[in-house]
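Read the structure below first, then the notes.
In this text the structure is predicted, and so the values were computed from the model without any measurement. Here is the naming used below: chain letters follow the sequence lines, and residue numbers restart at 1 for every chain.
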Amino acid sequence: MCGRFTLFDQIKAIQKRFGINVSKLDEATPSFNIAPSQSVIAIINDGERNRLGQLRWGLIPFWAKDTKIGYKMINARAETITEKSSFKHAFIRRRCLIPANGFYEWKTVNGQKQPYLIQLKGEGLFGFAGLWEKWTDGEETIFSCAIITTEANEMMSDIHHRMPVIVKKEEEASWLDPNIQDPNTLKQFLLPIDSDEMKAYAVSADVNSAKNNHEGLLNSL
DNA sequence: CCAGACGTTGTT
DNA sequence: GTCTGG
DNA sequence: CCAGACGTTGTT
DNA sequence: GTCTGG
């Protein structure tokens with residue numbers, strides 16, 4: 001699955017990597033420990049072009065009576081995404097990319113949890129496949145998102161049996177294209193990334209607490 | 001028809 | 001055990 | 001995801 | 001809003 005990740009590159013690097021020309025965001029606070037319920041950066045196509053914006057991680061469907069449900073909806077399973085009423089519509093109409101430099105997964109051995117940091121071997125930045133929603137109760141309006149997960153590839157399966165979907169660079173434009181609405185076409189973008197492209201190593205359990213957020217979390221044990 | 005849930009993960 | 005907070 | 005709280009009353 | 005269960 002995916003419940004914690006990093007994004008420490010500057011906005012300019014993100015814009016360059018994803019080909020964004022227009023952005024309301026000037027700078028991003030580097031984070032080495034982004035947790036659910038926090039604000040994340042996302043790329044959304046507004047019908048004309050791709051834009052950078054901020055979303056709360058933890059999807060709140062527009063029909064929710066309150067925002068608590070967002071604590072649970074941090075991931076969406078790729079395998080069942082077209083069947084779930086909470087995700088179905090967003091999958092067709094409200095897809096996004098969530099830029100990251102890496103993500104954490106916990107490996108459980110004899111009841112003990114060991115966090116690992118997973119990154120791409122090549123270019124640092126990549127985009128998670130995400131869904132977003134707009135929710136309002138008349139007083140406040142919240143834009144929120146979920147990260148799509150799939151089965152682990154060979155390398156990841158040693159650590160955990162699920163992992164986030166990382167959209168292939170050459171498929172990013174199509175993933176964001178609002179004109180593409182065929183579920184079968186869209187599902188083709190949700191395959192596990194190749195093991196060859198990834199690297200992983202154990203990191204300090206300091207990452208367990210979302211209150212910890214410093215560069216040292218990236219260090220190999 | 002109405003009522004009630006709407007999610008994923010890991011663990012047992 | 002379950003929910004909230006980060 | 002993991003960590004940490006989990007409650008009401010009355011009084012200041 | 002939309003789907004599932006009764």
Side-chain angles (χ1 to χ4, degrees), chain A residues 1-8 28-41 54-94 98 100-119 128-138 140-152 156-166 181 183 190 192 200 202-214 217-218 221:
Chain A
M1 73 166 317
C2 182
R4 223 66 87 70
F5 68 95
T6 66
L7 179 62
F8 43 80
T29 306
S31 181
F32 307 94
N33 200 359
I34 300 171
S37 82
Q38 294 178 354
S39 176
V40 304
I41 288 177
Q54 287 181 293
L55 301 170
R56 180 191 293 192
W57 183 11
L59 190 133
I60 304 166
F62 67 95
W63 43 258
K65 289 187 181 71
D66 60 62
T67 61
K68 290 177 193 167
I69 194 170
Y71 284 107
K72 305 177 193 173
M73 316 276 266
I74 66 171
N75 294 137
R77 286 178 69 94
E79 297 91 328
T80 56
I81 204 165
T82 55
E83 301 160 21
K84 303 293 183 180
S85 56
S86 297
F87 301 135
K88 213 175 193 173
H89 197 64
F91 180 56
I92 303 301
R93 303 265 182 183
R94 287 185 292 279
I98 298 166
N101 289 104
F103 63 95
Y104 298 101
E105 294 283 2
W106 280 259
K107 178 177 181 175
T108 304
V109 181
N110 300 327
Q112 298 291 309
K113 290 188 173 187
Q114 172 62 54
Y116 284 74
L117 175 60
I118 298 93
Q119 297 170 295
F128 291 126
L131 305 175
W132 66 275
E133 281 284 356
K134 177 184 178 179
W135 177 92
T136 185
D137 64 354
E140 62 174 339
T141 301
I142 297 172
F143 293 86
S144 61
C145 64
I147 292 173
I148 300 173
T149 62
T150 185
E151 61 183 345
M156 279 300 302
S157 64
D158 180 54
I159 299 170
H160 201 72
H161 69 106
R162 304 288 298 172
M163 67 178 199
V165 173
I166 295 171
Q181 301 187 348
L190 302 183
V203 294
S204 163
D206 287 354
V207 77
N208 290 11
S209 174
K211 289 176 181 171
N212 293 327
N213 192 342
H214 55 84
L217 297 179
L218 305 178
L221 272 195

**Prompt:** Given the P atoms of dT8(D) and dC3(C), what is the spacing between them in whole Å?
**Reply:** 16 Å
### Message
Roughly how many Å apart are dA5(B) and dA5(D), using the C1' atom of each and rounding to a whole number?
### Response
27 Å
Determine the contact category for Pro61(A): base if any of its heavy atoms lies under 4.0 Å from a base atom, sugar-phosphate if only primed atoms, P, OP1 or OP2 are that close, otherwise nothing. nothing
To the nearest 0.5 Å, atom CE of Met163(A) lies from atom CD1 of Ile118(A) at 9.5 Å
Sorted by chain and residue number, the side-chain contact (heavy atoms from CB on, under 4.5 Å) partners of Ser39(A) (sequence neighbours excluded) come out as Gln54(A)
By salt bridge (charged side-chain N to carboxylate O under 4.0 Å, His left out), Glu151(A) pairs with (sequence neighbours left out) none
By side-chain contact (heavy atoms from CB on, under 4.5 Å), Asn213(A) pairs with (sequence neighbours left out) Ser31(A), Phe32(A), Asn33(A)
Could you tell me how far dC6(D) sits from dG4(B) if I compare only their C1' atoms? Round to whole Å.
27 Å
Sequence neighbours excluded, the answer for ring-ring contact (aromatic ring centres under 6.0 Å, His included) partners of Tyr116(A) is none
Hits for ring-ring contact (aromatic ring centres under 6.0 Å, His included) against Phe87(A), two or more places apart or cross-chain, chain-then-number order -> none
So the salt bridge (Lys or Arg N to Asp or Glu O under 4.0 Å) pairs with at least one residue in residues 63-73 of chain A (sequence neighbours excluded) are none
Exercise for review: Identify whether any heavy atom of Leu59(A) sits under 4.0 Å from a base atom; if not, whether one sits that close to sugar-phosphate; answer base, sugar-phosphate or nothing.
Suggested key: nothing
*dG5(E) to dG7(B) separation - P atoms, rounded to the nearest Å*: 12 Å
Its 5'-most and 3'-most nucleotides having an atom under 4.0 Å from a non-hydrogen atom of chain A, DNA chain E is contacted over dG1(E) to dC3(E)
Its dot-bracket string being built from Watson-Crick and G-U pairs below 3.5 Å, with | for another strand and [ ] for crossing, DNA chain B has the pattern ||||||......
Hits for side chain to side chain donor-acceptor pair (under 3.5 Å) against Ser144(A), two or more places apart or cross-chain, chain-then-number order -> none
Those residues at least two apart in sequence (or on a different chain) that pass side-chain contact (heavy atoms from CB on, under 4.5 Å) with Thr136(A) are Thr141(A)
Quantified in whole Å, what is the C1' atom distance between nucleotide dC2(B) and nucleotide dG6(C)? 40 Å
**Message:** With side chain to side chain contact (heavy atoms under 4.5 Å, CB included) as the criterion, how do Trp57(A) and Gln38(A) come out once you've worked through the C-alpha distance, each side chain's angles and the decisive distance to 0.1 Å?
**Reply:** CA-CA 6 Å; Trp57(A) 183 11; Gln38(A) 294 178 354; 5.8 Å; no
Its contact letters, B for base, S for sugar-phosphate only and - for none at protein heavy atoms under 4.0 Å, make nucleotides 2-8 of chain B read ----BBS
Residues at least two apart in sequence or cross-chain that pass side-chain contact (heavy atoms from CB on, under 4.5 Å) with Ala64(A), listed by chain then number, are Ile60(A), Pro61(A), Ile69(A), Trp135(A)
